[in-house]
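Read through the structure below, which is laid out as C-alpha cells, and then see the notes.
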Amino acid sequence: MLNTTRSKLIISFLSVSLLVGTVSLIVGGQMLYQSVLSETRNRVRQDLNVARLIYDNRVKDIKFSLEMTGVSSDCRPAMAAGDSSALNALLVQVTEQIGLDFAGVIGPDGRILCRIGQCAGPSRRLEGGNSVAELALERRQAVAGTVVLDSATLQAENPELARRATIRPLPIQQPRGIPLVEETAGLAIAAAVPIFQGGSLLGAIYGGTLLNRDQSIVDKIGDTVFKNEVYNGHNLGTATIFFRNLRVSTNVLNEEKQRAIGTYASSEVTQRVLIEGKKWTDRAFVVSDWYITAYEPITDIFNQRVGMLYVGVLEARYSDVRRNAFWVFAGITLAGMVLAIGLGWYLASRIMRPVNQLIQASIEISRGNFSPDIGQICKSDIGLLQKKFLKMTHALQEREQRHKEERESSLLQSEKQASVGKLAAGVAHEINNPLTAVLTFTHLILRRKDLAGEVRKDLETIARQTERVRKIVKGLLDFSRQTRINPEPINLNRLLRDCVRLMQNQALIRGIALEFDREENLPVLLLDRSQFQSVIINMVINALDAMEPGGKIHIESRGAKSGDADGVEVIVRDTGTGIRPEDMEHLFDPFFTTKEVGKGTGLGLAVSAGIIERHGGTISVQSEVGEGATFIIWLPLEPDGLCCPLDCVAA
Ligand SMILES: Nc1ncnc2c1ncn2[C@@H]1O[C@H](COP(=O)(O)OP(=O)(O)OP(=O)(O)O)[C@@H](O)[C@H]1O
Ligand SMILES: [Mg+2]
C-alpha cells in the first residue's frame, strides 16, 4: 500500500508541508515573540520615563507652591513678626491648594515657628526639626526632592502621618536571612524655600507629602500611562514606589485583590537597582505574576538611594500573543497538510490514470490484442510514454503479422513437400522395379555380339536414358525417403573441411577457388553426418554450376543466435550469376531447376531444406543478380528433440 505511487506522492507532500510548517512554527513563533518582547521592553522603558516625569512634577509643584507662598505679601511681615497665626493661615492655604501632608515654617535658627497638623497641640507642634527645611536654611536656597522622614519627625509633624507610614512587611519575596521588621520611617517628597528680607534670612517655609500608602502618584501613572487597562482581571500596567525595597505605594494587586503594600521587590532587582544604582529592564516576578518591568533608583535630597520607581506590563498578554501565534501557525500547518493530502491524491490520480491504462493495455497485448485502448494522449511526459507505447504495439503487430505469414508459408512449403514427397514415393516405388527390369534386359541384349551397329547405338541410348531416369527416381526417393535422421556428435568444422576436400578437385578443374573460413572452438553439434554432408555438397555444386572460371566459393562457420536460441551458422557464398528475384520463392520447391535438361533434377535444395528442418534449423538465401548468392544454414545448439516431420507422411 505504501509502495504505490499515490502513497509516495502523498507522503512526500505531507513531509514537505510538515517540515515547512514545523520550522515556521518554531522560527516564526520565536521571532514574533522576540520582536513583541523587545517592543514591550522599549515601551516599558519609555513608561518609566513618563512615571519619573509625573513623580518629578509633583516635587516641582510643591516647590512652586511654597515659593509662591514665600513671595506673597503676607508672608515676610508675618515671619518677621513671628505671627504664628498669620503663618498658619498661609500654610493652611497652600496645603489645601496642592494637598500637602505636612507643612511648617522655621526661623533662621532652625526653630519651628509654625507647623500644621491635625491633632497636634500648640506645645508639641513646635518640637523637632525637618531635614528639608534645615537643608534649605543651610544652603540658603530652595530644596526639593525625596526625603526619608523618621518616625519621630513624622510624629512631630502629625501623629497620623506616623501611623500611616508604619508598614508591616508581608512574607512575599522576603529577602533571605533578613527578618521582617516593621517599617516606621516614611518616604516623602518635600520642598523648602528660604525667605529673605533685605538680605537677611527670615527663615524657611517647607511642606511635603508622605508617599507611604499615598496612591496619588502611582494611580496617576496608571491612569496616564496605562489608561487603567485591565487584562484577565489584572492591571495590565502597574507602577510602584519602593521605600528601599518595600512597596509603600503601588497599584500592583495581591491575590486578595488588595494593593500589595508591604511586599518586597525581588532580591535581583534590589541588588541591581537599589544597591548598584543601575536601571533594570527585564521580566521580573512581581507579587504573583510575571511582568516586563523597568526599575530605577530614587535618590533623596542628600543624594542617597532610598527607594525605587517601577513600572511593569503584565507578561501574560505577550505570552498569549505567542500562544495565539502558535495556534495560528499550527492551524496553517494542519491546513497545509490537508491540502498536501488532497493535492497528492489529485496529482497521483491524474498521473496514474494513463499509467494504469498503459498497464491494462500491456495485459491486453499479452493476451494477443495488439490494438488496446490507451485512452487520450496526454500533453505531459506521460504522453511521450503513450506515443512510444503505441509505436511499440504497432511494431509488435507488424512482427506478429510477419511471423504469421512466415509460419503460413513454411506450413505451405511443408504441405507442398509432403504431398510431392508422398506422390514421389509412390511413383518412385512403382517405377523402380520396371526400370530395373528395363535396364537389366537392355544390358543383357547389349552383351550379344550379333547386334547391328544402329541397333546397338539405340540400345545404348535406351540404357543411358534409363540410367538417367533411375537417377531421377533415386532423387525422388531421396526427397521422399523421410528417413529418420541419425544424429551423432559432430565437429562441424571437421565435417565442413571434409566436404571442401571432397569438392576441391572439381573446383580446381573448373578454375574456381574454394575457401573455408572457420570460427575455432565451435560447440559440438548433433547432426546426421551423411545427410548434412549432402546438403553442403549440393550447395557447392550449385555454386560451381553458377560460375565461370575465376570465381570464388567461400564457406564460413560461426556461432550465431536466432532470436534467443544459441546456434551455429554455415554460410556458403559464391560470386556466380546470382538468382533472379522471381526464382527466389521457388528455390526450395521440388523439381525447380534452371539447369538444362539432364543436368539438374531440381531436388537438391528441396531435399536440403527437409534435412535442415529435421535438424531443427533454418535455411535462407540472399542474392543479387550478377553479384552471386549466399546460402545461410542455422543450426540450434540444443535442438528441440531432433524431429522428422515427414516421417508421418511416410508412415
Ligand atoms: N549458387 C547458386 N547460384 C545461382 N543459382 C542457384 C544456386 N544454387 C541454386 N541455384 C538455382 O536453384 C535451382 C535449384 O537448385 P537445386 O539444387 O534444388 O536443383 P539443381 O541444382 O537444379 O538440380 P539437382 O541439385 O537436383 O541436381 C538451380 O537450378 C539454380 O537455378
Ligand atoms: Mg543442385
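As the structure lists them, so they are numbered: ligands from 1, and atoms in each ligand from 1. Keep in mind that what you see is a predicted model, and the values were worked out from it rather than measured. Throughout, residue positions are numbered sequentially from 1 according to the sequence presented.
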Could you tell me whether [X] atom [atom1] has more than 12 heavy atoms of other residues or ligands within 6.0 Å of it?
{"X": "Lys595", "atom1": "NZ", "result": "yes"}
{"X": "Glu406", "atom1": "CD", "result": "yes"}
{"X": "Glu624", "atom1": "CD", "result": "no"}
{"X": "Glu454", "atom1": "CD", "result": "no"}
{"X": "Asp564", "atom1": "CG", "result": "no"}

task: Output yes when Arg317 and Asp320 qualify as a salt bridge under the 4.0 Å nitrogen-oxygen rule, no when they do not.
output: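 No salt bridge links Arg317 with Asp320.
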
Salt-bridge present (Glu405, Arg402; N to O < 4.0 Å): no

Quick test: of every protein heavy atom, which one is nearest to [atom], and how far off is it to 0.1 Å?
{"atom": "atom 26 (O) of ligand 1", "value": "Thr601 OG1, 2.4 Å"}
{"atom": "atom 29 (O) of ligand 1", "value": "Thr594 N, 2.9 Å"}
{"atom": "atom 20 (P) of ligand 1", "value": "Lys595 NZ, 3.6 Å"}
{"atom": "atom 4 (C) of ligand 1", "value": "Ala546 CB, 3.5 Å"}
{"atom": "atom 13 (C) of ligand 1", "value": "Phe592 O, 3.8 Å"}
{"atom": "atom 5 (N) of ligand 1", "value": "Ile579 CG1, 3.6 Å"}

statement: Among Val621, Leu605, Val607, Ile541, the residue with a heavy atom nearest to atom 16 (P) of ligand 1 is Leu605

- line: Closest heavy-atom approach to atom 8 (N) of ligand 1 among Thr577, Asp589, Asn542 is made by Asn542

Go through ligand 1 atom by atom and flag the ones less than 4.0 Å from a non-hydrogen atom of [X].
{"X": "Gly600", "answer": "23 (O), 27 (O)"}
{"X": "Ala543", "answer": "1 (N)"}
{"X": "Leu587", "answer": "11 (C), 12 (O)"}
{"X": "Thr593", "answer": "20 (P), 22 (O), 29 (O)"}
{"X": "Asn538", "answer": "17 (O), 25 (O)"}
{"X": "Gly578", "answer": "4 (C)"}

- request: Please test Leu339 against Phe13 for side chain to side chain contact (heavy atoms under 4.5 Å, CB included), starting from the C-alpha separation and ending with a verdict.
  value: CA-CA 9 Å; Leu339 201 71; Phe13 274 113; over 6 Å; no

- request: Assess Met539: does it contribute an N, O or S atom lying under 2.8 Å from the Mg ion (ligand 2)?
  value: no

message: Can you tell me if, anywhere in Thr601, an N/O/S atom lies at a distance from the Mg ion (ligand 2) that is smaller than 2.8 Å?
response: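 It does not: Thr601 brings no N, O or S atom closer than 2.8 Å to the Mg ion (ligand 2).
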
task: Kindly compute the distance separating CG (Leu514) from CG (Leu544), expressed to the nearest 0.5 Å.
output: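 These two atoms lie 7.5 Å from each other.
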
message: Between Glu364 and Arg367, does the side chain to side chain contact (heavy atoms under 4.5 Å, CB included) criterion hold? Intermediate values first, please.
response: CA-CA 5 Å; Glu364 290 280 312; Arg367 287 178 185 151; 4.0 Å; yes

message: Please verify the inter-ring angle class for Phe592 with His586; under 30° counts as parallel, over 60° as perpendicular, anything in between as tilted.
response: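 Tilted, since the angle between the ring planes falls between 30° and 60°.
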
Within reach of ligand 1, part of Asp574 (heavy-atom separation under 4.0 Å):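 The answer is the side chain.
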
- request: Consider ligand 1: state whether an atom of it lies below 4.0 angstrom from any non-hydrogen atom of Gly602.
  value: yes

field: Contact (N/O only, under 3.5 Å) between Gly604 and ligand 1
entry: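 Yes, at least one N or O pair falls under 3.5 Å.
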
- prompt: Can you name the closest pair of heavy atoms from Leu522 and Arg558 and give their distance?
  reply: CD2-C, 4.0 Å

